[in-house]
Amino acid sequence: MALVSLATSTGADNTAPWSHAEYGAGNYGGTSLIADSGIRNLRKRHPDQFRALFDQLDALVAAKGPRGVFFVNDVIAEHALYAVVKLAAYAQARQYTQVEIRSLPGDFTQIALPTVNTAHLRNPEPNFLINSPAEALQRLANSSEGGLDVTSYVAPRVWNRNKNSEAILDVTRTQESAPPYIYPDGTVIGPKQYVDGPHAVYNVRRKEKLPEPRAGTPLGRAFKPGEGCDWILRGVLSEARLGAGLKE
């Protein structure tokens with residue numbers, strides 16, 4: 001895990017810091033993608049590739065205050081790191097100077113998890129929801145004070161059941177509709193592709209006592225912008241310049 005810190009030492013804020021984790025949030029990073037969905041090259045990435053992360057950060061700051069920690073997870077480390085740098089650039093543009101953006105790479109069914117206030121798994125592959133054991137989702141929920149939010153077109157009746165069709169997880173629909181999933185090239189996946197249920201947000205309730213937050217050094221290490229990810233930062237800076245109407 002790596003850390004991009006936007007915190008400053010100036011000023012004082014007594015607001016309790018919040019913590020949030022986004023699992024499986026790399027959204028294919030900045031690399032090429034096999035064209036199984038008609039996407040052949042991601043060099044022309046859509047500005048809304050990480051819109052869900054941007055909106056989540058805005059909502060957290062608005063609701064809980066300016067101090068917080070935002071974890072970004074993906075099974076592919078480079079994709080997680082790319083999303084972190086993009087989110088950190090967005091936070092800087094929004095002047096969220098007291099927010100820390102942390103990369104949490106690896107398989108979330110195996111890696112050590114942070115103890116957070118809230119957690120979200122957005123638009124996981126339907127095959128993952130249907131074929132993965134419920135313990136994988138419960139594990140994420142148990143490390144979050146508010147449980148785990150799952151955004152999906154696939155209704156819980158499909159993925160929240162045992163062999164006897166009995167519910168395994170304590171699941172509640174908390175939001176009737178959710179923003180669509182956007183591929184890196186801007187392609188939007190809507191209900192025409194998944195007709196099992198509405199694109200909604202479901203909460204998986206925590207069933208265990210919340211783990212004690214890790215004391216001392218956070219998971220992973222801190223790094224300065226650019227350390228180990230020059231190619232990512234070059235792309236982010238290039239996109240920022242083009243967005244501002246400046247020449248390369």
Side-chain angles (χ1 to χ4, degrees), residues 1 3-8 11 13-27 45-74 79-104 108 113-124 137 140-153 171-184 186 188-190 198-206 210 213 218 236 240 243:
M1 184 187 72
L3 161 69
V4 173
S5 176
L6 301 177
T8 62
D13 193 305
N14 295 323
T15 306
W18 47 262
S19 56
H20 177 79
E22 288 278 341
Y23 293 104
N27 200 9
R45 290 179 294 278
H46 196 274
D48 287 338
Q49 176 182 3
F50 296 109
R51 172 55 52 191
L53 298 187
F54 300 162
D55 290 346
Q56 180 67 72
L57 179 57
D58 285 339
L60 287 166
V61 172
K64 299 185 178 183
R67 298 175 59 214
V69 179
F70 196 114
F71 291 91
V72 178
N73 161 262
D74 198 80
H79 293 184
L81 185 56
Y82 185 80
V84 161
V85 174
K86 295 288 283 188
L87 186 58
Y90 178 80
Q92 186 66 51
R94 296 282 287 169
Q95 298 184 359
Y96 297 151
T97 58
Q98 298 182 74
V99 174
E100 293 179 352
I101 314 295
R102 298 181 181 176
S103 176
L104 188 67
F108 58 64
L113 301 177
T115 301
V116 294
N117 302 128
T118 55
H120 209 130
L121 176 62
R122 299 178 193 271
N123 304 296
L137 297 181
L140 300 181
N142 288 344
S143 292
S144 169
E145 182 179 10
L148 173 70
D149 287 334
V150 178
T151 296
S152 181
Y153 292 103
V171 177
T172 303
R173 184 188 296 180
T174 58
Q175 189 173 319
E176 295 296 324
S177 62
Y181 170 64
I182 302 175
Y183 271 111
V188 175
I189 298 297
H199 195 215
V201 181
Y202 306 91
N203 180 262
V204 179
R205 184 178 180 182
R206 175 170 52 87
L210 196 67
V236 170

Would you check if [X] and [Y] make a side-chain contact, meaning some heavy-atom pair closer than 4.5 Å?
X	Y	answer
Phe108	Leu121	yes
Glu100	Pro17	no
Tyr23	Val150	no
Asp55	Pro179	no

Tyr96 vs Asp58, test: side chain to side chain contact (heavy atoms under 4.5 Å, CB included). Steps then yes/no.
CA-CA 9 Å; Tyr96 297 151; Asp58 285 339; 2.6 Å; yes
First locate atom [atom1] of [X], then atom [atom2] of [Y], and finally report the distance between them rounded to the nearest 0.5 Å.
X	Y	atom1	atom2	result
Thr97	Arg67	OG1	CZ	11.0 Å
Arg206	Leu148	CZ	CG	12.5 Å
Thr174	Tyr202	OG1	OH	9.5 Å
Thr118	Lys64	OG1	NZ	4.0 Å
Ile182	Arg51	CD1	CZ	8.0 Å
Leu53	Leu87	CG	CG	5.5 Å

What pair of heavy atoms forms the shortest contact from [X] to [Y], and how long is it?
X	Y	answer
Gly24	Asn73	N-OD1, 3.0 Å
Leu210	Ser143	CD1-C, 3.7 Å
Gln49	Gly26	NE2-O, 4.5 Å
Ala80	Ser103	CB-OG, 3.7 Å
Asp74	Ala25	OD1-N, 3.8 Å

For Val72 and Tyr82, what are the C-alpha separation, side-chain angles and deciding distance, and is it a side chain to side chain contact (heavy atoms under 4.5 Å, CB included)?
CA-CA 10 Å; Val72 178; Tyr82 185 80; over 6 Å; no
Would Val116 and His20 count as a side chain to side chain contact (heavy atoms under 4.5 Å, CB included) if you check the C-alpha gap in whole Å, the side-chain angles of each, and the deciding distance to 0.1 Å?
CA-CA 5 Å; Val116 294; His20 177 79; 5.8 Å; no
Got a donor-acceptor contact below 3.5 angstrom from the [X] side chain to the [Y] backbone?
X	Y	answer
Asn203	Gly146	yes
His46	Asp48	yes
Asn117	Ser19	yes

Residue pair Phe50, Glu22: steps toward the side chain to side chain contact (heavy atoms under 4.5 Å, CB included) verdict
CA-CA 12 Å; Phe50 296 109; Glu22 288 278 341; over 6 Å; no
Residue Arg205 excluded, over 12 heavy atoms near CZ under 6.0 Å
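Not more than 12 within 6.0 Å, no.
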What class does the angle between the rings of Tyr153 and His199 fall in, given that below 30° is parallel, 30 to 60° is tilted and above 60° is perpendicular?
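Parallel: the ring planes of Tyr153 and His199 meet at under 30°.
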Is it true that the side chains of Thr151 and Asn123 contain a donor and an acceptor less than 3.5 Å apart?
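Not at all, the side chains of Thr151 and Asn123 share no donor-acceptor pair under 3.5 Å.
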Among side-chain atoms of Tyr181 and Asn27, is any donor-acceptor pair under 3.5 angstrom?
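Yes, side-chain donor-acceptor contact under 3.5 Å.
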